Amino acid sequence: MGYSIAEKIIKEHIVSGEMIKGTDIGLKIDQTLTQDATGTMAYLEFEAMGVPRVKTERSVAYIDHNTLQTGFENADDHRFIQTVCKKHGIYFSRPGNGICHQVHLERFSKPGKTLIGSDSHTPTGGGIGMLSIGAGGLDVAVAMGGGAYYITMPNIVKVELTGELKPWVSAKDIILKVLEIMSVKGGVGKIIEYAGEGVKTLSVPQRATITNMGAELGATTSIFPSDETTREFLKAQGREEDYIELKADDDAVYDEHIVINLDELEPLAACPHSPDNIKAISELAGQKIDQVCIGSCTNSSYADMMTVAHILKGKTIHPDVSLSIAPGSKQVLTMLSENGALADMIAAGARILESACGPCIGMGQSPNSAGISLRTFNRNFLGRSGTKDGQIFLVSPETAAASALTGVFTDPTTLGEGYKVEMPEKFLINDNMIIEPASVEEMDSISVLRGPNIKEFPTSFPMEDKINAACSLKVEDNITTDHIMPAGAKILPLRSNIPAISQHCFTVCDTQFPERAKTLGSSIIVGGANYGQGSSREHAALAPLYLGVKAVLVKSFARIHRANLINAGILPLEFINESDYDKISLFDELELPNVKNEILSGDTVTLVNKTTGETIKAKCELSQRQKDIAICGGLLNYTKING
Ligand code: MIC
Ligand code: SF4
């Protein structure tokens, strides 16, 4: 039996377990990345492990999220990360150099290697044939220290692309189609592998748009073959030596098979407030819009930007539309400024933003009240834009630019003759904003600079024999990490300060939650299906930990968040009978009378609702290693004990 691409890379990197679907495997990690909003925690955790120098082939820290500096906090955090990097062997990408995933794809990604990143869109690297997975900061810290990264061996889904995209239909429309087919929870426990004749028609950045937004499927990751197109891209980045060919064996076996005919695709949009709420642009055409934002790690490549500039050239945006554009990296921005495309954007009325996440994470450009905003981003969760009633539609750069000119949803296929950007034979290479770490001889002399915003990591304690806790919150299906731990310009500067950021935990759903949880002391959160979808932010576990949450009991979890709960020492429990969800109400007194023994000996836990007298059985399926972590009270405690 042959192997798929993902299986080939896993086979080369497996250090514990076997490639049996559904079982736990440990992978050797070649590269890591962090960004600043998750990075401070990851580096505090790395420091706590006491490893002097990273053991990976390449670790890079990017500053791209918290680039608004409205107080000392973000600037202090950047300085902390920069000095930690210098000391411990990590490359540091300065603010202004670009969005982590875009820069990593350009400058560091390698087909056939493994990458984990403390950001859920790390699968962008799948566009170049790298097994790239989003993880919590603590998992990244462990990998930097040379430890394995553990995942459940996923099922592999083959998405076969046939035909070729029509003019003005784009890679974004492909991934929106996949989201329509599979939904935001359809990818949990799966790797999405792209194949078929259609692959050849897509450039590496187009492939990266698709693997990037595969995060919204809940998938472990997504991956493309590495072929001649990949070689050309690496060559144009001056890195041809990093190329290897990667393709699935002809007799590879897949768990699911989806076929998408690119010829039949039309421009699509993900409507508020979920990336899988898909409609055709032709259905929305003519509706008035207020704002257009172009950029983010999904759609900010050179080719995307050139297409936008081409559409805007010689025209003026509609008077009722605010258009902002953030090219994804210094490389892209410099090339646009040298070839005149930037001037075309500015002349048309675009507001040019720095090469960073910006509006995608609520750092500026919040839309007007109830404003309709078309964005080339990957997430449109409620409140993420910073305007609670903002109506965010996720679209391609083509649709975004065409609509910015008309002031209404506009199908770009009405623009007439198509336009295909020529991929440059050589990208402009200037890595002067990437600072190399100190040499082994110099590293000891480097001092790490810590500002007052950096507070201790919250302590978790070994598990007790039983847990008594009240229900401090009851929420519905599809709760995102943006509900649990909102981001945005006001809250992101608190990412290094768990006591302060905890005051915002779940406030999107219930403003009283932080106070209530603290007053209750120990508590349990009850939720629905796909709980914790979205970001890799471990703050969505650390803030509840700080507020006394001992367990989260839900219908099902999203992968990264579940792992973050285990790492933090919070028990992830799932209803065996989903209807038991109705048997718990806010403030009910709950008891897990024999939890430690039950965890040690099996995979179910008994929960007694002392308020109603009912007994509920919950699932807690943990590998032996996860059980040990849970008993120690989290991965940091476990790593201290086990090294
Ligand atoms: C996001 O897109 O939600 C983020 C901000 O990039 C997060 C990371 C974070 O919360 O810092 C992610 O996707 O993991
Ligand atoms: Fe940044 Fe947005 Fe990409 Fe997250 S999704 S890494 S916030 S650009």
Side-chain angles (χ1 to χ4, degrees), residues 33-42 61-68 74 77 81 93 95 98-105 116-125 132-137 139-140 175 208-209 211-216 218 221 275 293-301 304 324 326-329 353-365 375-386 392 394 480-489 491-496 501 504-505 532-543 558-561 563-564:
L33 73 77
T34 58
Q35 38 88 342
D36 48 339
T38 54
T40 41
M41 275 298 144
Y62 294 90
I63 306 293
D64 53 1
H65 282 63
N66 291 348
T67 53
L68 272 191
N74 291 340
D77 287 358
I81 296 177
S93 169
I99 306 175
C100 53
H101 309 303
Q102 175 66 26
V103 178
H104 208 84
L105 186 75
I116 65 166
S118 61
D119 191 283
S120 63
H121 291 102
T122 304
T124 311
S132 312
I133 307 179
D139 283 319
V140 175
I175 185 63
T209 292
T211 58
N212 168 286
M213 208 172 165
E216 275 51 70
T221 189
C293 300
I294 299 177
S296 93
C297 56
T298 318
N299 278 122
S300 60
S301 67
D304 283 341
S324 69
S329 67
L353 306 180
E354 69 175 320
S355 296
C357 301
C360 178
I361 192 60
M363 280 287 189
Q365 311 304 123
R375 301 180 163 208
T376 64
F377 307 167
N378 48 36
R379 290 190 173 145
N380 58 351
F381 302 147
L382 182 71
R384 183 174 162 103
S385 68
I392 312 298
L394 307 173
T480 73
T481 46
D482 279 297
H483 292 106
I484 308 174
M485 201 57 264
I491 304 179
L492 275 176
L494 306 174
R495 282 289 181 93
S496 320
I501 205 169
H504 301 275
C505 186
Q533 67 163 319
S535 158
S536 68
R537 58 189 75 151
E538 55 191 338
H539 304 77
L542 295 177
R559 179 188 68 90
I560 308 179
H561 185 62
N564 283 340

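Every number for a ligand or one of its atoms is a count from 1 in the order of the listing. Just so it is clear, the structure is predicted and the values come from calculations on it, not from any experiment.
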Response to the item:
Under 4.0 Å from one or more heavy atoms of D119, ligand 2 contributes atoms 6 (S)
Worksheet item: How long is the span from the CG atom in N212 to the CZ atom in F377, to the nearest 0.5 Å?
Response: 12.0 Å
Worksheet, complete the sentence: Within 4.0 Å of some non-hydrogen atom of N378, the atoms of ligand 2 are 5 (S)
Discussion item. Against S120, only a single residue in R379, Q533, R537 fulfils side chain to side chain donor-acceptor pair (under 3.5 Å); can you say which?
Written reply: R379
Worksheet item: Where the closest heavy atom to atom 11 (O) of ligand 1 is concerned, which of R495, H101, R379, M485 has it?
Response: R495
Item to complete: For E354 and A356, indicate whether the former's side chain and the latter's backbone hold a donor-acceptor pair under 3.5 Å.
Response: no
Item to complete: Verify whether one side chain among T376 and N299 offers a donor that lies under 3.5 Å from an acceptor in the other.
Response: no
Fill in: Subset of ligand 2 atoms that lie under 4.0 Å from at least one heavy atom of H101
6 (S)
Response to the item:
shortest atom 2 (Fe) of ligand 2-to-protein heavy-atom contact is with C360 SG, 2.3 Å
Worksheet item: So, Y62 and H101: side-chain donor and acceptor under 3.5 Å apart, yes or no?
Response: no
Worksheet item: At a non-hydrogen distance cut-off of under 4.0 Å, which region of D119 contacts ligand 1 (side chain, backbone, both, or neither)?
Response: both
Practice prompt. Tell me which part of H539 gets within contact of ligand 1: side chain, backbone, both or neither, using heavy atoms under 4.0 Å.
Written response: neither
Discussion item. Does ligand 1 come near enough to S536 that some N or O of the ligand is less than 3.5 Å from an N or O of the residue?
Written reply: yes
Worksheet item: Within the distance-only criterion (no hydrogens, no angle test), does the side chain of T480 pair as donor or acceptor with the backbone N or O of H483 below 3.5 angstrom?
Response: yes
Worksheet item: Just which atoms of ligand 1 are under 4.0 Å from any heavy atom in R384?
Response: 1 (C), 2 (O), 3 (O)
Discussion item. With a cut-off of 2.8 Å, does H65 put an N/O/S atom close enough to atom 1 (Fe) of ligand 2?
Written reply: no
Fill in: Atoms in ligand 2 with a heavy atom of S296 nearer than 4.0 Å
8 (S)
Response to the item:
In this structure, atom 8 (S) of ligand 2 is nearest to the protein heavy atom C297 N, 3.3 Å
Response to the item:
Atoms of ligand 1 under 4.0 Å from any heavy atom of T38, numbered from 1 in the order shown, are 9 (C), 11 (O)
Item to complete: Look only at the side chain of R495 and the backbone of A37, and say whether a donor-acceptor pair between them is shorter than 3.5 Å.
Response: yes
Worksheet item: Would Q102 and S301 satisfy side chain to side chain contact (heavy atoms under 4.5 Å, CB included), going step by step from the backbone distance to the final call?
Response: CA-CA 7 Å; Q102 175 66 26; S301 67; 4.2 Å; yes
Worksheet entry | Subset of ligand 1 atoms that lie under 4.0 Å from at least one heavy atom of A37 | 11 (O)
Worksheet item: Have D119 and Q35 got a donor and an acceptor in their side chains that come within less than 3.5 Å?
Response: yes
Worksheet entry | Donor-acceptor pair, side chain of S300 and main chain of P327, under 3.5 angstrom | no
Discussion item. For T124, is there any backbone N or O sitting under 3.5 Å from a side-chain donor or acceptor partner on T211?
Written reply: yes
Worksheet item: With atoms numbered from 1 as shown, which atoms in ligand 1 lie under 4.0 angstrom from a non-hydrogen atom of H65?
Response: 4 (C), 5 (C), 6 (O)
Worksheet item: Is a side-chain donor or acceptor of T38 paired with a backbone partner of G137 at a separation under 3.5 angstrom?
Response: no
Practice prompt. Verify the distance criterion only: is there a donor paired with an acceptor across the side chains of D77 and T40 at less than 3.5 Å?
Written response: no
Response to the item:
Ranked by distance from atom 13 (O) of ligand 1, the top protein heavy atom is S120 OG, 2.5 Å
Fill in: Sub-4.0 Å atoms of ligand 1 with respect to non-hydrogen atoms of I361
5 (C)
Worksheet, complete the sentence: among protein heavy atoms, the one nearest atom 8 (C) of ligand 1 is Q35 NE2, 3.1 Å
Item to complete: Please report which non-hydrogen protein atom sits nearest to atom 7 (C) of ligand 1, along with the residue it belongs to and the distance in Å to one decimal place.
Response: S535 OG, 3.1 Å
Worksheet item: Which of the numbered atoms in ligand 2 are below 4.0 angstrom from a heavy atom of I361?
Response: 7 (S)
Discussion item. Under 4.0 Å, counting heavy atoms only: does Q35 come that close to any atom of ligand 2?
Written reply: no
Practice prompt. Considering only non-hydrogen protein atoms, determine which one is nearest to atom 10 (O) of ligand 1 and report residue, atom name and distance to 0.1 Å.
Written response: R537 NE, 2.5 Å
Worksheet item: For atom 1 (Fe) of ligand 2, what's the nearest protein heavy atom and its distance?
Response: C357 SG, 2.3 Å
